[in-house]
Amino acid sequence: MDTSSSNNPNAWTAKVLIFSGRPDPSWPLSETQVERFMSLWSTLPATTDAMSAAPGLGYHGCIVADGADATWHAYDGLVMHASVNQRVVKRDIDRKLERVVISSAPAGLLPSNLIV
Amino acid sequence: MRDRAEMSLKITFDVFSGRQNPSVLLTAQESSDLLARLGPVPAHPVGAAQPAAEVSKLGYRGLVIEQVQPSSTNVPQRFRIAGATVSTSSGNLKTVDSSIEQSILTNAAILSRAAIAGDLANVIRTQSAAHAQAASTSAPTAGSLVCRCAPLYEPNWWNDGASGGAKQFWNNCYNYACDYRTDTFAQPGNASNAQWTHLTCANVGPAAVKDGLQNIKITAIKCPTEGHLVALCMWENFDYHWYRMGRDGLWTHKPGGMPVTNVDNSGHPITDPRLADRGVYVGFCGFMVVMHGHIKLK
């Protein structure tokens, strides 16, 4: 996996896909948060499952972006990593990675109980 | 009108012959929305004598609406909605938009709480549609309206996210509802330096008026003389959402940077945003009219 973009962790951001009128909330990730995210990502098993379609309104996952060309979209037990060169889907058992991303948000930024 | 707003209603799906009919208790908000759609309902038939409206037949016969608590004198204690007709055992009370019944019959949340499974729901909807087709009524049916000034449903024009376009990601529900592309995720009031400051109906609605949208008070959905209808909904203190009525009388919307869609959160076509499955956007603020060329968004 190409992790060259992690050389600049200050550029990493997370965003929750949730709002319709307002821009979705986003925040920068610290180096520690990036390391935790990448460490967990590396342990997830690959799958051929396809991401499920979320309901139109309301929460439909979170996205981590490395500030270059790579993104990770986590929702409902799957994480899709996309970059210029590859597209990989992994199984996020118990939505652990998704919860890690959400828990990295500054206090008060997100509505509570996004993932029940 | 205060007691109307606080009243709870019970809906009984009058369909069975031997078994007890399924029923559901509406929330105060749902009750209020339903009453708003129905408009004033006289307690008794008015004018010339009316035929007895409570039909005796097998299969789906309509929705029986009953007041639960507290009671109100503004609507009958118990009445029936079947197609475009509101009635009691003494006769027909008024004609309404038949989409009211359809909205309830396609509301997944209400059907679920009434423990009406998919197969039964399909049967009820099929029989209701057959009755409506057979009925010789002049009441308008949402979906059969032709609003000549309303925008067409053109999802392919907006949904360019997969091809890397900007329209989908940078235009939100407000842009789409107003049919006004800015590529800025436009915010109500922003174009007139009066952007919303609180995520409430009382704040976002007037901000949209600053952009040129016009408030309109209606109960039954109909085409405006000019422009097109939009509807504002609220996730109190978190976000707002807009729908727009298209040329065919059906409603469509764009959830944020997601693709444009013509179905609600339960996957059903939207005949009335007040009764659609709106997820967490449970507050319904009201309707507005977008006069084309008279608004400015930013």
Side-chain angles (χ1 to χ4, degrees), chain A residues 13-27 50-76 78-89 95 98 101-102 105-116, chain B residues 108-109 161-162 164 169-178 184-190 195-196 198-199 204 207-208 232-243 251-268 270 273 276-282 285 297:
Chain A
T13 57
K15 177 164 74 172
V16 164
L17 306 175
I18 186 170
F19 292 143
S20 176
R22 296 168 62 190
D24 287 319
S26 63
W27 63 97
M51 299 280 285
S52 60
L57 290 173
Y59 175 72
H60 38 276
C62 53
I63 288 182
V64 169
D66 72 349
D69 64 4
T71 60
W72 289 257
H73 180 191
Y75 180 67
D76 198 20
L78 294 175
V79 184
M80 185 174 72
H81 169 52
S83 64
V84 170
N85 299 321
Q86 63 177 341
R87 183 176 293 256
V88 177
V89 178
R95 306 175 82 167
E98 193 177 357
V101 176
I102 290 172
L109 184 66
L110 305 177
S112 57
N113 301 321
L114 286 182
I115 304 177
V116 180
Chain B
F169 293 133
W170 293 103
N171 291 279
N172 61 4
C173 57
Y174 189 46
N175 289 108
Y176 177 73
C178 294
T184 61
F185 232 68
Q187 297 300 305
N190 193 30
Q195 183 177 315
W196 59 267
H198 297 89
L199 288 162
V204 177
L232 172 61
C233 304
M234 194 60 58
W235 179 8
E236 191 90 2
N237 297 323
F238 283 106
D239 195 23
Y240 57 84
H241 184 61
W242 293 84
Y243 297 84
W251 294 75
T252 60
H253 60 136
K254 185 175 187 300
M258 301 288 281
V260 167
T261 179
N262 60 357
V263 296
D264 67 11
N265 266 30
S266 295
H268 296 125
I270 304 168
D277 181 350
R278 305 194 300 268
V280 291
Y281 295 78
V282 295
C285 304
L297 270 56

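- Among residues at least two apart or in separate chains, side-chain hydrogen bond (donor to acceptor under 3.5 Å, both in side chains) pairs with a member in residues 252-262 of chain B are B/Y176-B/T252, B/H241-B/H253.
- Between B/P255 and A/L57, the closest heavy-atom pair is CB-CD2, 3.8 Å.
- With contacts defined as side-chain heavy-atom distances shorter than 4.5 Å, the pair A/P23/B/Q187 qualifies.
- Contacts with chain A were tallied for B/P259, B/G279, B/C173, B/G257; B/C173 has the most, counting heavy-atom pairs under 4.5 Å.
- No side-chain heavy atom of A/R22 sits less than 4.5 Å from a side-chain heavy atom of B/W235.
- Of the atoms belonging to B/Y174, not a single heavy atom falls under 4.5 Å from chain A.
- Not counting sequence neighbours, the partners of A/D24 by the side chain to side chain contact (heavy atoms under 4.5 Å, CB included) test are A/K15, A/L17, A/I18, A/F19.
- Within a 6.0 Å radius of CH2 in B/W170, other residues, nucleotides and ligands contribute 12 heavy atoms or fewer.
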